[in-house]
There are 2 protein chains.
Amino acid sequence: MGSSELLKIHPTLFDRVRLAIMAHLSLAKRPVDFKSLLAELELTRGNLSTHMKKLEEDGLVQIDKTFVERKSRTTYCCTSKGRKEIRNYLVAVESALKSSL
Amino acid sequence: MGSSELLKIHPTLFDRVRLAIMAHLSLAKRPVDFKSLLAELELTRGNLSTHMKKLEEDGLVQIDKTFVERKSRTTYCCTSKGRKEIRNYLVAVESALKSSL
DNA sequence: ATATTCTGGTTTGCACTGCAAACCGGTTTG
DNA sequence: CAAACCGGTTTGCAGTGCAAACCAGAATAT
């Protein structure tokens, strides 16, 4: 049955904003910085920050902090676990919904 | 870009349980009753009840209540709007995630 | 020098929401 | 008549997403 597949989806990905973040990061070929993500997704800084923290805690993204020109620079990239969970999400949704076209 | 598609998804569907409910209902060829849904999805009655109420409020399912053998019988079916939003969900997720395989 | 503003985020407070427990009207059983 | 049962609904609480408030350091202004 379809519904059982859906339950295997990583719970943290079952949020439109976080899914959008992960979609963006998984497409990117190099680390994405805070500001870019912010512009792309149109969130507040606080909102983005807490989402990223949660995604890191779950091992779906990796956060790197450096200083560049004396300013802090935080970049994010999708971990292999993140990619795996994104793939899993797509497969689960397709198998659950495809047949009901 | 991919993420903008995701924002068009009906917010009510962005919940794993409700998506599972809708997947089930959209597959069913006849109305599904409370008990069947309950067994299929393994929820508590209260939980299922509130989800169905919300889905009805958003016009994604239709609720019918009748009496059969002196007992109440509530059945649910997917509205055409519900089917449309499910299709939209699938399309949006595919277009956002497919390219990041 | 020091005050003000800007940059790059993080933490806090609140409003909302999913969940299960408690509840409720009616029915069957003891 | 009481007790258990059926088919759900409502309530209370715990968890969470959001923006406002906050914070440290750098640039700019006075």
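Proximity of A/His51 to the phosphate of D/dC18: a side-chain N or O atom is located under 4.0 Å from OP1 or OP2. For D/dG7, neither phosphate oxygen OP1 nor OP2 lies less than 4.0 angstrom from any side-chain nitrogen or oxygen of B/Ser72.
Note on ring orientation: taking the six-membered ring where Trp is involved, the planes of A/Tyr89 and B/Phe14 are parallel (angle under 30°, cut-offs 30° and 60°).
Atom CG of residue A/Leu19 and atom NE2 of residue A/His51 lie 11.5 Å apart, to the nearest 0.5 angstrom. Note that SG of A/Cys78 is 10.0 Å distant from NZ of A/Lys29, once rounded to the nearest 0.5 Å.
One interatomic measurement links the two molecules: CD of B/Glu42 to P of C/dC19, which rounds to 14 Å at whole-angstrom precision. In this entry the distance linking NZ of A/Lys71 with C1' of D/dT28 reads 11 Å, nearest Å. Atom-to-atom, CG of B/Leu41 to P of C/dG18 comes out at 15 Å; the value is rounded to the nearest Å. We find that CZ of B/Arg18 is positioned 8 Å from P of C/dC19, with the value rounded to whole Å. Between A/Phe14 atom CZ and D/dT16 atom C1' the separation is 16 Å, expressed in whole Å. Across the protein-nucleic acid pair, A/Asp15 atom CG and C/dG18 atom C1' stand 14 Å apart, rounded to whole Å. Put simply, CG on A/Leu13 is 12 Å from P on D/dG17, counting in whole angstrom units. Taking atom CD of residue A/Glu69 and atom P of nucleotide D/dA26, one finds them 12 Å apart after rounding to whole Å.
Here B/Arg16 lies out of heavy-atom contact (under 4.0 Å) with every strand.
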A/Asp33 vs A/Ser36, side-chain hydrogen bond (donor to acceptor under 3.5 Å, both in side chains): CA-CA, chis, key distance, verdict: CA-CA 6 Å; A/Asp33 63 26; A/Ser36 312; 2.5 Å; yes

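Residues satisfying the ring-ring contact (aromatic ring centres under 6.0 Å, His included) criterion with B/Tyr76, sequence neighbours excluded, are absent altogether.
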Distances for protein N or O near nucleotides 9-15 of chain D N or O, under 3.5 Å:
| from | atom 1 | to | atom 2 | distance (Å) |
| --- | --- | --- | --- | --- |
| D/dT9 | OP1 | B/Lys65 | NZ | 2.7 |
| D/dT9 | OP2 | B/Ser49 | OG | 2.7 |

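Here the shortest heavy-atom pairing between A/Leu97 and B/Ala23 reads CD2-CB, 3.6 Å.
Residues A/Val17 and A/Ile21 are in side-chain contact: their nearest non-hydrogen atoms beyond the backbone lie under 4.5 Å apart.
DNA chain C is contacted by both A/Arg73 and B/Val17; A/Arg73 maps to the nucleotide lying nearer its 5′ end (nearest heavy atom per residue).
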